[in-house]
Amino acid sequence: SVSFGDFAGSFQNTHRSFGRNKIMKWCRQQGYLCSSYDLKNKPSQQMLESGYMQYEENTNERNGSIYITYKPLLTGKGQIWLTKKLNEYLK
């Protein structure tokens, strides 16, 4: 599995380039990644069950509060799928 940053570095489209933040924002808009504050960037259940995405869960502390962050990862199958979806979107 690769991070969205690594994927963005290898994503090529003749019409436009997309960086990591734009790709993740688009995925949140499409419902592929959660956008709610508590679950932000966690892949949706559909993405997990389809085998397109995985995630790393980290615990952080800020101002005395502990919170969980999610780092979404694309599987090999997910990289192929997302490349097709983005190319369709960018046509």
Side-chain angles (χ1 to χ4, degrees):
S1 296
V2 300
S3 69
F4 273 73
D6 290 341
F7 172 78
S10 65
F11 177 72
Q12 306 245 335
N13 182 283
T14 56
H15 302 293
R16 285 181 15 203
S17 66
F18 257 32
R20 179 197 67 177
N21 292 344
K22 285 184 181 179
I23 292 174
M24 290 180 72
K25 180 180 177 182
W26 183 82
C27 284
R28 283 191 295 272
Q29 291 170 342
Q30 302 304 309
Y32 304 141
L33 294 175
C34 296
S35 59
S36 68
Y37 182 77
D38 291 345
L39 298 175
K40 189 169 185 177
N41 295 333
K42 184 177 182 181
S44 69
Q45 193 63 39
Q46 179 186 2
M47 294 295 101
L48 295 170
E49 289 175 358
S50 66
Y52 295 148
M53 295 183 192
Q54 299 174 330
Y55 65 95
E56 290 179 2
E57 191 174 292
N58 296 301
T59 305
N60 297 297
E61 184 178 343
R62 185 181 335 156
N63 299 329
S65 297
I66 295 174
Y67 62 98
I68 298 171
T69 58
Y70 300 95
K71 178 181 179 180
L73 302 168
L74 289 162
T75 63
K77 180 179 173 181
Q79 292 173 62
I80 294 167
W81 170 83
L82 188 54
T83 298
K84 288 178 184 177
K85 287 288 188 183
L86 286 171
N87 281 324
E88 288 172 11
Y89 171 71
L90 294 171
K91 282 185 180 177

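Residues: numbered from 1 along the sequence shown.
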Review point. Looking only at heavy atoms, what is the nearest atom pair of Leu33 and Met53, with distance?
Key: CD2-SD, 3.8 Å

**Study point:** Common cluster, Leu90/Phe4, ILVMFWY with side-chain heavy-atom separation under 4.5 Å
**Key:** yes

Review point. Leu39, Tyr32: one ILVMFWY side-chain cluster at the under-4.5 Å cut-off?
Key: no

**Study point:** By side chain to side chain donor-acceptor pair (under 3.5 Å) - contacts of Asn41 (at least two apart)
**Key:** Arg28

Review point. How many angstroms lie between atom CG of Leu86 and atom SG of Cys27, to the nearest 0.5 angstrom?
Key: 6.5 Å

Check your understanding: Does Leu82 reach the side chain of Trp26, with side-chain heavy atoms less than 4.5 Å apart?
Key -> yes

Review point. Can you get from Tyr55 to Val2 by hopping between Ile, Leu, Val, Met, Phe, Trp and Tyr side chains that sit under 4.5 Å apart?
Key: no

Review point. Counting only heavy atoms not in Gln46, do more than 12 fall under 6.0 Å of its CD?
Key: no

**Study point:** Partners meeting side chain to side chain donor-acceptor pair (under 3.5 Å) with Ser50 (sequence neighbours left out)
**Key:** none

For residues 64-75, tabulate all N or O donor-acceptor pairs below 3.5 Å that involve a side-chain atom, not counting sequence neighbours.
unit_1	atom_1	unit_2	atom_2	d
Tyr67	OH	Arg62	NE	3.3
Tyr67	OH	Arg62	NH2	2.9
Thr69	OG1	Asn60	ND2	3.1
Thr75	OG1	Gly51	O	2.5
Thr75	OG1	Tyr52	O	3.2
Thr75	OG1	Gly78	N	3.0

Check your understanding: Of the non-hydrogen atoms in Cys34 and Pro43, which two are nearest, and what is the gap between them?
Key -> SG-O, 4.4 Å

Exercise for review: State, yes or no, whether a side-chain contact exists between Lys85 and Glu88 at a heavy-atom distance under 4.5 Å.
Suggested key: yes

Check your understanding: Is there a path from Tyr89 to Ile80 through hydrophobic residues (I, L, V, M, F, W, Y) whose side chains come within less than 4.5 Å of each other?
Key -> no

